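Below: the structure, in structure tokens.
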Amino acid sequence: MIDLIFPDGSKREFEAGVTGRQVAASIAISLAKRAVLIKLDGELLDVDRALEKGGKFEILARDTPEALETIRHDISHILAEAVQELFPGTQVTIGPAIEDGFYYDFARDEPFSLDDLVKIEERMKQIVDRDEPIVREVWKRDEAIAHFKSIGEHYKAEIIEGIPAGEDVTVYRQGQWKDLCRGPHLPSTKAAGKAFKLTKLAGAYWRGDHRNPMLQRIYGTAWASEKDLEDYLHRLEEAEKRDHRKIGRAMDLFHMQEEGKGMVFWHDKGLTLWRIIESYVRRRLDAAGYVEVRTPQVLDRVFWEKSGHWEKYRPNMFVCETEEGEELSLKPMNCPGHVQIFKFGQKSYRDLPLRMAEFGACHRYEPSGALHGLMRVRAFTQDDAHIFCREDQIEEETANFIELATSIHSDFGLERDHIALATRPEVRAGSDEFWDKAEAQMLAAARKAGVEPVIAEGDGAFYAPKLDFVLKDAIGRTWVCGTIQLDYVLPERLDAEYVGEDGQKHRPVMLHRAICGSLERFIGVLIENFAGAFPLWLAPTQVVVATITSDADEFALKAAAALRAAGLRVETDLRNEKINYKVREHSLAKVPVIAVVGRREAEEGKLALRRLGSDGQQILTLAEAANSLASEANPPDIARQRRASAEASGVREPG
RNA sequence: GCCGCCUUAGCUCAGCCGGUAGAGCGACGCAUUCGUAAUGCGUAGGUCAGGUGUUCGAGUCACCUAGGCGGCACCA
């Protein structure tokens, strides 16, 4: 007999060998019908699996997250079955559930086509209709290897060969088709449902290693219901509309072209956005006690040899030669330059922490396949800084940085999803003791700032752990913006030192940190976050003064001048077009405020303000409009200052 | 870099079985002065990404190159 403990805490005895479905039936027939999986002591099992031991027991229906993942996994198997039916000779490899769906990797000489995808999808639906029972079988490891080899499934055989000898393996059978799989699965192909769609064809290396052969991966999405599927496809469409490459062109922010792969041509509107961001960040850094520097763009090879980049990073560096035979490299990063400034003259412990910032233009030769709009480029500007400090200052500096970065991200409307602590990678410099210490320091600093980081195992830089800021945008997608990395290595390599209280020379520690990451990428993220509809303080064009008739031209020009004098970025639209047309055009261009001027406004000296996304209007005098828009257009840090000083002066006032 | 797909007017896209280039938007011109998301008419605009080949004939077929897109690998 075995004891099963139900979620409500009640306990019941069952015969050993009872199945989840039988247990469910003992409670209610309807429950047995709905049951697709069970959970025993946290482990997911097939609903028809004979239970050999007792424990905490839960019956899962189709609408649970666990079932959804299993549905996706089932459908990847159905995909593999369909592919092998339609394309005999294709070898299967692996096919897991992933976020929003699943994929399956196949080995086949002939590439699949998009038309094949349609056929495969039809066949998959037939397999679901066939209602093939999905049955778990336990095989001897060696028999399984022999079996899969005999049917020409060499990748499968290789996978099983990785399983320790003597262990049994499980094989799931659906109809005539079998696959090595740990499970669990739903009871039959019908249970997987038809709320799925094959989405893309892609290449992927066997076992994720570029030295291995390339397989063909078929991606799909799968959901518990048709409605969820539709919602997902709709979300995809919405995300596509936000694509920064599309919006960047539509809003005339930037462009890229063939001759400058991975390089951005910033147009005036895009650069306006850039300048706003840069000056905002610069103000925040000034206020946080940073100094700003600028270091050379191109430096002699000798320099990079000393820093270690020539050896480690050479393939990613843009190198050039001069007539005189010098070999130079564009800087791929700013750190070695900053160390030179630190080393210039003598530094004392009194100078620490020294927070050295640079909006540093860097060039990296990224593989062509990695380039992606503004998100991954070859020429970019980091909002970089290095904090030179003593070891006992690491914690406080890191905690302060977390606060600063958090505040800046939230000013840009980006919510934090989590902070990741990236720990020691497999290939690394330094002893385990060093890593224990460094990881503990970063963890303590995060906690000091009130943050519990999510551990990202093995994601650290080769020289030290780091904290990465994972932000969430308006539609829930996450982006990594901002990082802080602890570095004991570079100060050592480049021989940076300061004189301590004891009069002796000491090695400083370096904290590499960025808040936006690269300005290019950050602007890309902002474009997608706001779908181009920037808040007033960021909008490249804040106000368009649009006339209804040419009688209002003179006043419109006067109004535009007055708004500009109040510090706003203003354009005029005096074209001989209907106001409907102008409103539509500027709305599509995501201009936050359209100031409409007709004969009436011109006579009364007023503006009719129309906000993007609303059809109401606000009639204000020119002076009122200039005042209220100008104050609304203040960057968040300046707005806070104004509020604070207003409050301070308010306190002093009597009464 | 690797696998697959794509590249036609400024933009978005049609173009069948190979027969010599189309639309909408935009631009420009004219008319229109019209109160909150598209006024009408007209005009111009193309070495069909580049190259080589097959063919009487190539936007269309084949091959090569480049760029883009989707993944993979990469992102010290």
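Order of the sequence lines fixes the chain letters, A, B, ..., with proteins taken first and strands second; residue numbering starts at 1 for each chain. Not measured: the values here are computed from a predicted model.
At a threshold of 4.0 angstrom between heavy atoms, the contacts of A/Gly208 are confined to the sugar-phosphate backbone, with no base atom among them. Among the protein residues, A/Ala461 comes within range of no part of the nucleic acid, since none of its heavy atoms lies under 4.0 Å from any strand. Contact annotation for A/Pro111: backbone-only contact, meaning every heavy-atom pair under 4.0 Å involves sugar-phosphate atoms and none involves a base. Within the nucleic acid shown, A/Arg245 comes within 4.0 Å of sugar-phosphate atoms alone, with no base atom in reach, counting heavy atoms only. In this structure, A/Lys261 reaches the sugar-phosphate backbone alone: every heavy-atom distance under 4.0 Å involves primed, P, OP1 or OP2 atoms, never a base.
Distance from the side chain of A/Lys200 is smallest for B/G71 among the nucleotides B/C74, B/U33, B/G71. Among B/G35, B/G70, B/C72, the nucleotide with an atom closest to any side-chain atom of A/Ala202 is B/G70. For A/Leu201, counting side-chain heavy atoms from C-beta on, the closest listed nucleotide (B/G4, B/C74, B/G35) is B/G4.
Using C1' as the reference atom, B/A9 and B/A27 are 11 Å apart when rounded to the nearest Å.
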| request: Could you run through nucleotides 36-45 of chain B and give me one letter per nucleotide, 5' to 3': B if any protein heavy atom sits under 4.0 Å from the base, S if only the sugar-phosphate is that close, - if neither? | output: BBBB------
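Taking 4.0 angstrom as the limit, A/His372 places none of its side-chain polar atoms (N or O) nearer than this to OP1 or OP2 of B/G68. Of the side-chain N and O atoms in A/Arg207, none sit less than 4.0 angstrom from OP1 or OP2 of B/C72.
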| What pattern of brackets, bars and dots sums up RNA chain B from 5' to 3', given Watson-Crick or G-U wobble pairs under 3.5 Å, [ ] for crossing pairs and | for another strand? | (((((((..((((.....[..)))).(((((.......))))).....(((((..]....))))))))))))....
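Taking atom CZ on A/Arg424 and atom C1' on B/A76, their separation rounds to 19 Å, with Å as the unit. Rounded to an integer number of Å, the gap from A/Trp479 CH2 to B/C75 P is 20 Å. A/Asp252 places its CG atom 16 Å from the P atom of B/G10, with the value rounded to the nearest Å. In this structure, A/His255 atom NE2 and B/G68 atom P are separated by 12 Å, rounded to whole Å. Going from atom CE of A/Met317 over to atom P of B/C75 covers 16 Å, rounded to whole Å. Rounded to whole Å, the distance from CH2 on A/Trp206 to C1' on B/C3 is 17 Å.
Side-chain N/O atoms of A/Tyr205 and base N/O atoms of B/G1 include a donor-acceptor pair closer than 3.5 Å. For A/Arg376 and B/C74, a side-chain-to-base donor-acceptor distance below 3.5 Å is present, hydrogens and geometry of angles not being considered.
A donor-acceptor pair is defined here as one N or O able to donate and one able to accept, closer than 3.5 Å; such a pair exists between the side chain of A/His409 and the backbone of A/Ile515.
The 12-atom threshold is not exceeded at CG of A/Asp109, counting heavy atoms of other residues, nucleotides or ligands nearer than 6.0 Å.
Positionally, the nearest nucleotide of RNA chain B for A/Ser368 lies more toward the 5' end than for the other of A/Ser368 and A/Arg249.
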